[in-house]
Amino acid sequence: IGSKTAVLVNLNYSIANKTKTMEKLQNVSRDTINTHALFGAEVTFRKYFDDKKQLRYYSSAGLGFYSLLNVKLRRKQTSVSKKNNEDQYFTIVYDFGLQYRLSPALKVNAAIPLKYFINNGGSGSLNTFGFGVNMGLSYTLNAGRIKKE
């Protein structure tokens, strides 16, 4: 939005390794294998501090929505049965991190995201708190206009 603020849209997905799941099914005569697929998106508002420095601190807050498909494969002696359920979550997101400007347009980021997943489904799953480490590159399309500000 400007030199001190940004709006970010993050698209996320995670799908279990299909090859490993098939190997497990072929190598055991009786077992239960759990697998998943996760899809979601977040919109966050970011505030930068020390905007005149090359290395600057930032924090973000936002909301998201995720859908988690859980699949349970049960291998019996001669057959395989499948049972699945879907959970939907609203997410409250907060992160803080550092950004190093390589140029006015290209930046390197490192952040610690904190997320609280609020279950919106009827499957009985609990609300969940999560955190991690995000690292990446970002590129600003309108860097010339921001530099003039």
A.B. asks: Does V133 share a hydrophobic cluster with L8, counting links as ILVMFWY side-chain heavy atoms below 4.5 Å and allowing steps through other members?
C.D. replies: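 Unlinked, V133 and L8 end up in two clusters.
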A.B. asks: To the nearest 0.5 Å, what is the distance between CE (M135) and CG (L98)?
C.D. replies: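 Here the rounded value is 10.5 Å.
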A.B. asks: Drop me the distance from D87's CG to F117's CZ, to the nearest 0.5 angstrom.
C.D. replies: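 One gets 12.0 Å once the value is rounded to the nearest 0.5 Å.
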A.B. asks: Answer yes if the ring centres of Y13 and F39 are under 6.0 angstrom apart, and no otherwise.
C.D. replies: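 Y13 vs F39: aromatic centres not under 6.0 Å.
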A.B. asks: List the atom of F131, the atom of L114, and the distance in Å for their closest heavy-atom pair.
C.D. replies: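 The pair with the smallest heavy-atom distance is CB-CD2, 3.7 Å.
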A.B. asks: Are F65 and F90 close enough that their ring centres sit under 6.0 Å apart?
C.D. replies: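 Close enough - the centres of the two rings lie under 6.0 Å apart.
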A.B. asks: Working to the nearest 0.5 angstrom, can you tell me the gap between I92 CD1 and K115 NZ?
C.D. replies: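 Answer rounded to 0.5 Å: 13.0 Å.
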A.B. asks: Donor-acceptor check, side chain of Q54 to backbone of R101, threshold 3.5 angstrom: yes or no?
C.D. replies: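 A pair under 3.5 Å: yes.
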A.B. asks: For A111 versus D95, what's the shortest heavy-atom pair and its separation?
C.D. replies: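 Looking at all heavy atoms of both residues, the closest pair is CB-OD2, 3.9 Å.
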A.B. asks: If we only count heavy atoms from C-beta on, is the V108 to L102 side-chain gap below 4.5 Å?
C.D. replies: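 V108 reaches L102 side chain to side chain.
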A.B. asks: Atom OH in Y66, atom CG in N12: separation rounded to 0.5 Å?
C.D. replies: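 Going from OH on Y66 over to CG on N12, the span is 3.5 Å.
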A.B. asks: Rounded to the nearest 0.5 Å, how far does CG of L106 lie from CG of L137?
C.D. replies: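 The CG atom of L137 sits 6.0 Å away from the CG atom of L106.
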A.B. asks: Please name the pair of heavy atoms, one in T44 and one in V93, separated by the smallest distance, quoted to 0.1 Å.
C.D. replies: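 In this case the closest contact between T44 and V93 is CG2-CG1, 4.1 Å.
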A.B. asks: Is the backbone of N119 close enough, under 3.5 Å, to the side chain of N127 for a donor and an acceptor to pair up by distance?
C.D. replies: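 Checked: pair present.
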A.B. asks: Can you see which heavy atom on A110 is nearest to which on Y58, and at what distance?
C.D. replies: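 Scanning both residues, the minimum pair turns out to be O-OH, 3.6 Å.
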A.B. asks: When rounded to the nearest 0.5 angstrom, what distance separates CZ in R56 from NZ in K4?
C.D. replies: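 Result: 10.0 Å between the selected atoms.
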A.B. asks: Write down the atom of Y48, the atom of A6, and the distance for their closest heavy-atom approach.
C.D. replies: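 Looking at all heavy atoms of both residues, the closest pair is CE1-CB, 4.0 Å.
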A.B. asks: Cation-pi check for F45 against K47: NZ or CZ below 6.0 Å from the six-membered ring centre and within 45 degrees of the axis, yes or no?
C.D. replies: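 Here K47 fails the 6.0 Å and 45° test against F45.
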A.B. asks: Step through the shown structure and confirm whether more than 12 heavy atoms of other residues, nucleotides or ligands are within 6.0 Å of OH on Y139.
C.D. replies: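 It does not: Y139 OH has 12 such atoms or fewer within range.
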A.B. asks: So, for S59 and F49, which heavy atoms are closest and what is the spacing to 0.1 Å?
C.D. replies: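 It is OG-CE1, 3.7 Å.
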